[in-house]
Amino acid sequence: MKRVILIIWCFCGAVITMCCKPEQKDIAIQKDVVVQKSIVDQKKPNILIIFPDQLRRYSAGFWSKEPYKNLVVGKPDPVITPNIDMLAKNGVVFTQAVSNYPLCSPYRGMLLSGLYPEQNGIWNNCKVGRDHSLKDDISTIPDLFLKAGYNTAYFGKCHWLKPEPVFDENGNYKGTTESPGGHYVNKYDTYIPPGKKRHGIEYFYESIKDSHFNPHVYSNDPNTIEGKQDGELYLPKIFSPKNESKVIIDYLRNDRGQRDKNKPFCMIWSMNPPHNPWNDDNTDMETLHKHYDTDKFPEIDETLLVRKNADKEVGYYARHYFANVTSSDYYIGLVLDELKKSGELDNTIVIFSSDHGEMLGSHGREGKNAIELESSAIPFIVHWPKGLKSGIKDVLFSVPDVLPTVMGLAGISNQIPKKVEGTDFSSLLTDKENSTVKKPKAVLLMLGNSRGVLTDRYSLCLRENKKQWDKKEATKVAEAFIYDNLEDPYQLNKIDIKDKPKLAGELLVELSKLLKKTNDPWFQEKRYKNIIPY
């Protein structure tokens with residue numbers, strides 16, 4: 001009688017060889033199916049963190065729909081984002097996520113490390129002439145997930161390292177200031193070389209420069225940069241989200257063995273749009289003409305700039321901003337579609353957020369780096385169909401909370417470093433009955449010349465008598481005010497703290513606690529102790 005030899009891979013990695021009669025073959029195959037199903041059931045979730053640069057909280061279509069529209073502070077923007085909307089509908093939407101320091105580099109320092117600026121090393125945008133840089137000796141999201149058995153990958157804008165003149169005149173990394181080195185590749189951002197400064201990132205694809213159709217790319221995968229080596233400049237001349245999405249999809253398909261297919265992956269995608277510049281040369285004009293051209297919106301008026309505090313002349317670039325939001329959404333959709341095709345989407349924790357908002361003419365300003373909600377309020381969505389029920393969370397959520405929360409969701413909370421300052425909110429997301437995590441009363445707000453807090457209702461700000469980046473020391477608080485974000489959703493009226501002494505006292509106590517908790521220089525120096533009750 002013939003015998004059939006079956007070799008079955010078990011979850012533990014051992015090989016079982018079975019000799020069985022033909023009538024036993026089906027039974028063995030059924031057992032194999034059970035084993036394979038067990039492997040799938042026990043597989044750790046993948047991680048995908050996506051954050052477009054400078055995307056304000058309400059620049060997404062779902063905020064205009066139930067049940068979200070009644071939770072908007074003010075009015076949502078008239079922007080089309082079907083893929084972000086899908087993540088919201090099937091995920092958990094945070095209504096009070098905030099960029100504690102609404103600026104590119106400080107945000108990235110907090111996101112990656114779970115630490116506030118004094119501990120992670122970044123108090124300002126990394127730029128030529130400044131010393132701000134992410135510390136080499138701290139653990140980051142890629143470091144920790146690599147240690148936990150994940151493939152790690154990073155795509156897009158980094159902006160956490162101090163620029164150094166260690167490139168040749170063609171932008172190739174030389175690692176020395178001596179000739180042919182001695183040149184910078186960019187004023188604000190720079191290439192992250194292999195080693196500690198790359199913080200556990202295995203697969204690396206970096207895009208530098210605020211030029212959306214001319215990203216300056218470096219990668220450790222020669223196949224994506226026309227055979228160039230790690231550190232050699234590549235200029236694809238392609239809209240950066242389109243270019244990055246193509247490389248990400250290629251990484252997910254793994255046809256060239258870019259990652260270990262037996263491990264889950266932890267990926268971070270930092271897109272540059274809708275960050276400025278906002279002009280025809282840096283905008284997906286096909287998307288602008290389709291959705292935001294003059295046939296749809298004849299003027300830059302209240303139909304485009306819907307917030308009552310918006311200056312229409314300052315916000316002249318609204319069409320370009322929204323077009324790049326919608327275009328970024330499209331390329332995000334391509335990546336999500338690939339995850340769905342491969343069967344990985346349901347078991348991938350997709351975090352969608354942004355590093356800060358965009359003023360878009362509000363308060364007569366453009367850009368970010370302001371305490372007002374247009375700048376500090378950010379989107380935050382967690383999409384994980386296998387592990388979370390869709391819903392809404394009103395918890396005040398800070399940037400350093402991302403690291404411990406995503407580690408908690410992935411089941412590795414026991415590996416969160418003790419020095420991490422963020423809070424693990426994973427038990428709130430999973431609705432565990434025994435959750436002991438407390439919702440914060442307030443979160444810290446920081447600028448180069450200001451400190452403040454945001455609560456469920458109020459914003460408090462103490463602003464010094466200097467400009468944000470003055471090297472001279474401030475000598476006093478130039479203004480101390482409160483916004484009532486319930487009665488005054490567009491923050492049109494500053495309330496002097498002297499006019500609301502009881503309320504101001506309560507908010508100042510919260511500010512004092514947070515400054516102490518985060519080891520802020522204001523606390524270290526007991527700055528303005530005549531106002532802040534340290």
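Since the model is a prediction, treat every value here as computed from it, not as a measurement.
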Item to check | Option from E374, Q491, R365 for which side chain to side chain donor-acceptor pair (under 3.5 Å) with N309 holds | outcome: E374
Item to check | 4.5 Å side-chain heavy-atom contact, K43 and E344 | outcome: yes
Next on the checklist: Quick check: closest heavy atoms across P241 and M271, and the distance to 0.1 Å?
Outcome noted: CB-CE, 3.5 Å
Item to check | Residue from W160, F51, F145 passing ring pair (Phe, Tyr, Trp, His ring centres under 6.0 Å) with Y154 | outcome: W160
Checklist entry - If you measure from the Lys or Arg side-chain nitrogens to the Asp or Glu carboxylate oxygens, is any gap between K242 and D284 under 4.0 Å? => result no
Checklist entry - With under 30° as parallel and over 60° as perpendicular, where do the rings of Y191 and Y218 fit, or are they tilted in between? => result tilted
Item to check | Modelled atom types, side-chain donor and acceptor of D210 and N276, under 3.5 Å | outcome: no
Item to check | Salt-bridge contact D230-R198 (side-chain N to carboxylate O under 4.0 Å) | outcome: yes
Checklist entry - Of all heavy-atom pairs between C158 and F204, which one has the smallest distance, and what is that distance? => result SG-CE1, 3.9 Å
Checklist entry - Is the closest basic N to carboxylate O distance between D53 and K368 below 4.0 Å? => result no
Item to check | Student check: side-chain heavy atoms of V166 and T176 closer than 4.5 Å | outcome: no
Checklist entry - In terms of heavy-atom contacts, does NZ of K419 have more than 12 from other residues, nucleotides or ligands at under 6.0 Å? => result no
Checklist entry - Are any of the side-chain nitrogens in R253 or E338 under 4.0 Å away from the carboxylate oxygens of its partner? => result yes
Checklist entry - Does a side-chain N-to-carboxylate-O contact under 4.0 Å join K157 and D189? => result no
Checklist entry - Regarding K526 and the six-membered ring of F523, is the cationic atom NZ or CZ under 6.0 Å from the ring centre and inside 45° of its axis? => result yes
Next on the checklist: Between F397 and F425, is the ring pair (Phe, Tyr, Trp, His ring centres under 6.0 Å) condition met? List the steps.
Outcome noted: CA-CA 9 Å; F397 193 86; F425 286 108; 5.7 Å; yes
Next on the checklist: Parallel, tilted or perpendicular, judged at 30° and 60°: which one describes the rings of F155 and Y205?
Outcome noted: tilted
Checklist entry - Y321 and L55: side chain to side chain contact (heavy atoms under 4.5 Å, CB included), yes or no, with the steps? => result CA-CA 9 Å; Y321 179 77; L55 178 62; 4.1 Å; yes
Checklist entry - Ion pair present between D136 and K197, side-chain N to carboxylate O less than 4.0 angstrom? => result yes
Item to check | is_close_aromatic(W278, Y292), centroid dist under 6.0 Å | outcome: no
Checklist entry - Between H212 and F239, what is the ring plane arrangement, given parallel below 30°, perpendicular above 60°, and tilted in between? => result perpendicular
Item to check | Test salt bridge (Lys or Arg N to Asp or Glu O under 4.0 Å) applied to D250 and R256, step by step | outcome: CA-CA 9 Å; D250 184 52; R256 294 180 286 104; 2.5 Å; yes
Item to check | Side-chain ion pair, R56 and E358, N-O less than 4.0 Å | outcome: no
Checklist entry - With a cut-off of under 6.0 Å to the ring centre and 45° to the axis, is R259 in cation-pi contact with Y203? => result no
